Q: 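One structure coming up, written as structure tokens, with questions to follow.
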Number of protein chains: 2
Amino acid sequence: MGIRAQQKEKTRRALVEASFNQLSAERSFSSLSLREVAREAGIAPTSFYRHFKDMEELGLTMVDEGGLTLRQLMRKGRQRAAQGGSIIRVSIETFLEFIDSNPNVFRLLLRERSGTSAAFRSAVQREIEHFIAELMEYLQANAGLTVEVAHAQAEAMVILVFSAGAEALDMTPKKRKVLAERLVLQLRMIVKGGAAL
Amino acid sequence: MGIRAQQKEKTRRALVEASFNQLSAERSFSSLSLREVAREAGIAPTSFYRHFKDMEELGLTMVDEGGLTLRQLMRKGRQRAAQGGSIIRVSIETFLEFIDSNPNVFRLLLRERSGTSAAFRSAVQREIEHFIAELMEYLQANAGLTVEVAHAQAEAMVILVFSAGAEALDMTPKKRKVLAERLVLQLRMIVKGGAAL
DNA sequence: GAAAATGGCTAACAGTTGTAAGCTGAAAAC
DNA sequence: GTTTTCAGCTTACAACTGTTAGCCATTTTC
């Protein structure tokens, strides 16, 4: 890669990282301005346009990236579970670790799922569906269920995990334990209930 | 009530209604400006302060109001179910009707649940917990479960219903039917699974 | 080595925002 | 009937926004 393209990639990364870093409980992506992001990344406002058409394009990049890292992590978690250990517990652990070490990635997905940009919403929805599909495949292979039931099951589980994640964001580690236990209980109910149908 | 207080209440309502009316798939409460709301309500920007300290105070009022109407509706639904009819089906119907006739109220609750204002988040959370508590009471009385299980069950059900509602917002009536059926299946899984534990 | 491409910059614009200061006329209090 | 209260108004300001135009230095291309 040429020295030029290399530098370009570097400031592009700086923009993405600057955006992620500015997210917090009090700050959503949609509340970030182009100028703020550019400032944080250390470039002039107008240089932003050398990399992204507008903030939406930046955001979509971030969603794709975030979704990818999450899915990779979960896949690893499932592999870990395959060689001993409850799939439910391991998945929940993996997910909570993800939230703990990438809170802002999760915040982005969580908020833009119900945000004001249709492109964002469907990008996040796509990520979640990937997610459901992988879990569903696992469930069907390991429990031999109807496609319909397996899908409903996988979807319900993903929704509950996501929702618990959202709550966990603001919690102390101690309260998280309680949350995680209840989540385990809920997922078990779904597994048992699905099998019974 | 004096003629003065009456007029004041009227423009206060106008502000609340103006805010609700400006919400849409493309517009969130946090993206509304004080000036826009005032304009829509037909008053000068600075007159806004005669009614609310800032936009956050307006929003909290809206959350409280929205949560109240939703809970009242659901309570009615449950009464309807008490005299014949599946509680699950009736509740889902009631909820989807609510979303259909008050999409913007639901949008507000949905978005501010994961929004950037701590006050908003806990206001919505409080509404949801009311919601869970009422359902839990019902479940415990009618199925005789542990407190723990009943709570986990009620919570899971509320989350799934909310989440389905979010999806339903952008859907055609035809697709909603499919969604509703899957939701029924999911709630049944939780009922069955809870009983099995 | 000359010419073209390009990432980053400065300057400048028109528009919007929240909010302060202060006036006015009508209702409320006395 | 006089005084006080107050919802709503106009004007004003400083801050910030996204975006255009155009220059510069360095890398890339030929």
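Every chain is numbered from 1 and lettered A, B, ... according to where its sequence line falls, protein lines coming before strand lines. Everything numeric here is computed off the predicted structure, so don't read it as measured data.
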Q: Mind running salt bridge (Lys or Arg N to Asp or Glu O under 4.0 Å) on B:Glu9 and B:Arg4 for me, showing each step along the way?
A: CA-CA 9 Å; B:Glu9 183 58 25; B:Arg4 194 141 186 180; over 6 Å; no
Q: Over how many whole Å does the gap from B:Lys10 atom NZ to D:dG8 atom C1' extend?
A: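 So the two atoms are 14 Å apart, to the nearest Å.
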Q: Could you state the CE-P distance from A:Met1 to D:dT28, rounded to the nearest angstrom?
A: 11 Å
Q: Just jot down the side-chain contact (heavy atoms from CB on, under 4.5 Å) partners of A:Arg126, sequence neighbours excluded, or say none.
A: A:Asp64, A:Ala123
Q: Rounded to whole angstroms, how far apart are CZ on A:Phe48 and P on D:dT17?
A: 13 Å
Q: Donor-acceptor pairs under 3.5 Å, side chain of residues 48-55 of chain B to any protein atom, not counting sequence neighbours: which ones?
A:
unit_1, atom_1, unit_2, atom_2, d
B:His51, NE2, B:Thr11, OG1, 2.9
B:Asp54, OD1, B:Glu56, N, 3.2
B:Asp54, OD1, B:Glu57, N, 3.0

Q: For A:Ser163, check side-chain hydrogen bond (donor to acceptor under 3.5 Å, both in side chains) against everything at least two apart and list the hits.
A: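 By the side-chain hydrogen bond (donor to acceptor under 3.5 Å, both in side chains) rule, A:Ser163 matches no residue at all.
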Q: Using atom NZ of A:Lys53 as one end and atom P of D:dT20 as the other, report the distance to the nearest whole Å.
A: 11 Å
Q: How would you summarise protein contacts on nucleotides 2-7 of chain D per nucleotide, using B for base, S for sugar-phosphate only and - for none, with heavy-atom distances below 4.0 Å?
A: ---BBB
Q: Would you state whether a donor and an acceptor, one from the side chain of A:Thr46 and one from the base of D:dT20, lie under 3.5 Å apart?
A: no
Q: Whole-Å distance between C:dA28 C1' and B:Gln6 CD?
A: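 Rounded to the whole Å, the gap is 14 Å.
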Q: Could you list the donor-acceptor pairs under 3.5 angstrom formed by side chains in residues 175-185 of chain B, with sequence neighbours left out?
A:
unit_1, atom_1, unit_2, atom_2, d
B:Arg176, NE, B:Ala168, O, 3.3
B:Arg176, NH1, B:Asp100, OD1, 2.8
B:Arg176, NH2, B:Ala168, O, 3.3
B:Glu181, OE1, B:Arg89, NH2, 3.2
B:Glu181, OE2, B:Arg89, NH2, 2.8
B:Arg182, NE, A:Glu155, OE1, 3.1
B:Arg182, NH2, A:Glu155, OE2, 2.8

Q: More 5' along DNA chain C: A:Ile43 or B:Pro45, using each one's nearest nucleotide?
A: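 Looking at DNA chain C, the more 5' nearest nucleotide goes with A:Ile43.
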Q: Please determine whether a side-chain nitrogen of the Lys or Arg among A:Glu36 and A:Arg27 lies less than 4.0 Å from a carboxylate oxygen of the Asp or Glu.
A: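 Yes, this pair counts.
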Q: Check whether any side-chain heavy atom of A:Arg78 lies under 4.5 Å from a side-chain heavy atom of A:Met74, and answer yes or no.
A: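 A:Arg78 vs A:Met74: side chains touch.
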Q: Over 60° means perpendicular and under 30° means parallel, so classify the ring planes of B:Phe131 and B:Phe162, tilted if in between.
A: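 Ring orientation of B:Phe162 relative to B:Phe131: perpendicular.
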Q: Short of 4.0 Å, heavy atom to strand atom, which residues of residues 31-39 of chain B count as contacting DNA chain C?
A: B:Ser33, B:Leu34, B:Arg35, B:Glu36, B:Arg39
Q: If I take atom CE in residue B:Met55 and atom P in nucleotide C:dT16, what distance separates them, rounded to the nearest angstrom?
A: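 Result: 17 Å.
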Q: Before we go on, tell me: are the rings of B:Phe29 and B:Phe20 under 6.0 Å apart, centre to centre?
A: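 Not under 6.0 Å, so no.
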Q: Return the value, rounded to whole Å, for the distance between atom OH of B:Tyr49 and atom C1' of D:dT10.
A: 15 Å
